[in-house]
**Q** 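What follows is a single structure, and I will ask about it in a moment.
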Amino acid sequence: MATVVLKANRDQRVTSGYLWVFAGEIARIEGPVEDGGVVDVRTYRGGWIGRGFINRNSALTVRLVTFGHEAIDEAFFRRRLQDALAYRQRVVGTQSAVRGVYGEADGLPALIVDRYGPRVVVQTLALAMDLRKRMLVELLTDLLHPDAIYERNDAPVRRLEGLPLQSGWLQGDADPVVEIEEERARFLVDVARGQKTGFFLDQRENRLAAAALCEGATVLDAFCYTGAFAVHAALAGAASVMGIESSDEAAAMARRHATLNGVEDRYTVTVANAFDELRRLQSVHARFDVIILDPPPFARGKETVDRALAGYKEINLRALKLLRPGGVLITCSCSHHVGEALLLDVVAAAAVDAQRTVRLIESRGQSRDHPVHLAMPETRYLTCLILEARGRST
Ligand code: SAH
C-alpha cells in the first residue's frame, strides 16, 4: 500500500476528523499508486491517520474514508451503503424520494445517490468513485432494486477531478420523468433534465414547516423551480399562491404540479427574473401574508460572498416591503459560504431599511437525509430562516 506522508504540523485537521488532505499539506508519497487508488495516510513522524483515495490531479488530493485499517474493497462499500440506507430508514422513514447517500457525511466521499420512487440517480464527483461506478451500480441494484439507474455526472465540480461531464442511463432505460410523493403532495421529477438530480430533496422538511404557516394566506414563492413549496402551501389551505421562476421549463412543470395536485384554481406561475418581479409587485402595492425566497446559491466560493450578500439583501428587503404586518418570511441560502449567521445579518439589515421589526420564529437547515458531518463544515450548506415581519411600530 502506498503511503501519503503529511508535512510536519499539517495534520491537526485530519486528526480532528476532517476528511480532506490538500496538495500543499503533503510532504511526500511513498510507493507506487494509480490516481483513484487507495493510500495510507500518516503524520510526518509516521503516526497512523487513516486510509483514503488519492488523485494527484486534484488540489483536494486525498479523501479519507476510514481512520481504521480496514480493507477498502467491495465488502467495505456494501457496508457503507447499507449503513447509509439504514440511517434514512431511521430518520426519514418511508418517503418515496430520499437522498440515500450524501457523500462525505456518509463516509462515501463524493458519492451522491438519490432515490426517486423506482428510479435511482447517482453522481460520482471524484475520480475514485467514478472508477468504481460499475461496482456501485451493482451494489445499489442489489440493495435498492431500482428499475433503472441514471448518472447525473454533468456537475461542473467533476472538472476539478479531471473528469468529463456526462449523463445517461447506467443501468436499464426508463422514462426520465418519474412521479414521487412527498407527504400529501405529488411531484414529477425529471432525472435527466431537472436541476441537481431532478428535485430539491434538501428542502423537504422546510416545505412542510412553511406550509404549516400558510392556511388562509396569500403566498408568494419566488425562485419556485417546479413549485414544491407552492404546492405544499396550497394543499395546506393557502388562499392563493403566486410563483416566480426564470426557467420556462421549470415553470411549465410547476403548472403541471398545480393540476396534478388539484390546486390549479389557487396557484399561478410567472416566468420572470425574481429581482424584477419583486420590484414590479412593489410598484403596484401588492401585499402577501407569506413570502418564500429560495434563490440559487449566489455565492459559489469565498470570493463571491460580498456580491452574494448584496443579492440576498436586495431580495429580502423587497420581500419585507411586500409583507403585511405579521406576515411570514421564509428565506433560504443554499451556499455554504452564506450560513445562518450571515443570512441573519442580511435580514437584520434589510429589516432596518424596510422599517420592519422582524422576529426569528425558527432557524432550519437541510433535511435529515443530508446530515451534517460535524468535522466537515462543508457538508452544511442550506439555511432556512422562518421569520415574522411586524409593523414598524412594534
Ligand atoms: N424552492 C424550490 C427550489 C428552488 S431552486 C424547490 O423547493 O423545489 C432556485 C430556482 O431559482 C431555480 O429553479 C432557478 O431556475 C431559479 N432562478 C435562478 N435565478 C432566478 C431569477 N433571477 N429569477 C427567478 N428565478 C430564478
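This chain uses plain numbering: 1 for the first residue, then up along the sequence. Ligands are counted one by one from 1 in listed order, and the atoms in each one are counted from 1 as well.
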**Q** Enumerate the ring pair (Phe, Tyr, Trp, His ring centres under 6.0 Å) contacts for residues 161-203, please, sequence neighbours excluded, ordered by first and then second residue.
**A** Y150-W169, F187-F199, F187-H232, F187-H257, F200-Y225
**Q** Do T331 and Y312 have side-chain N/O donor and acceptor atoms under 3.5 Å apart?
**A** no
**Q** Measuring from atom CD1 of I49 to atom OG1 of T66, what distance do you get when rounded to the nearest 0.5 angstrom?
**A** 13.0 Å
**Q** Heavy-atom cut-off of under 4.0 Å around ligand 1: list whichever protein residues fall inside it, by chain and number.
**A** Q195, F200, R207, F223, C224, Y225, A228, F229, E245, S246, A272, N273, A274, D294, P296
**Q** Just checking R380: does its CZ atom have more than 12 heavy atoms from other residues, nucleotides or ligands closer to it than 6.0 angstrom?
**A** no
**Q** Could you tell me whether D114 and R152 have a side-chain N and a carboxylate O separated by less than 4.0 Å?
**A**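 Salt bridge: no.
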**Q** Nearest 0.5 Å please: distance from the CD atom of E151 over to the OG1 atom of T124.
**A** 6.0 Å
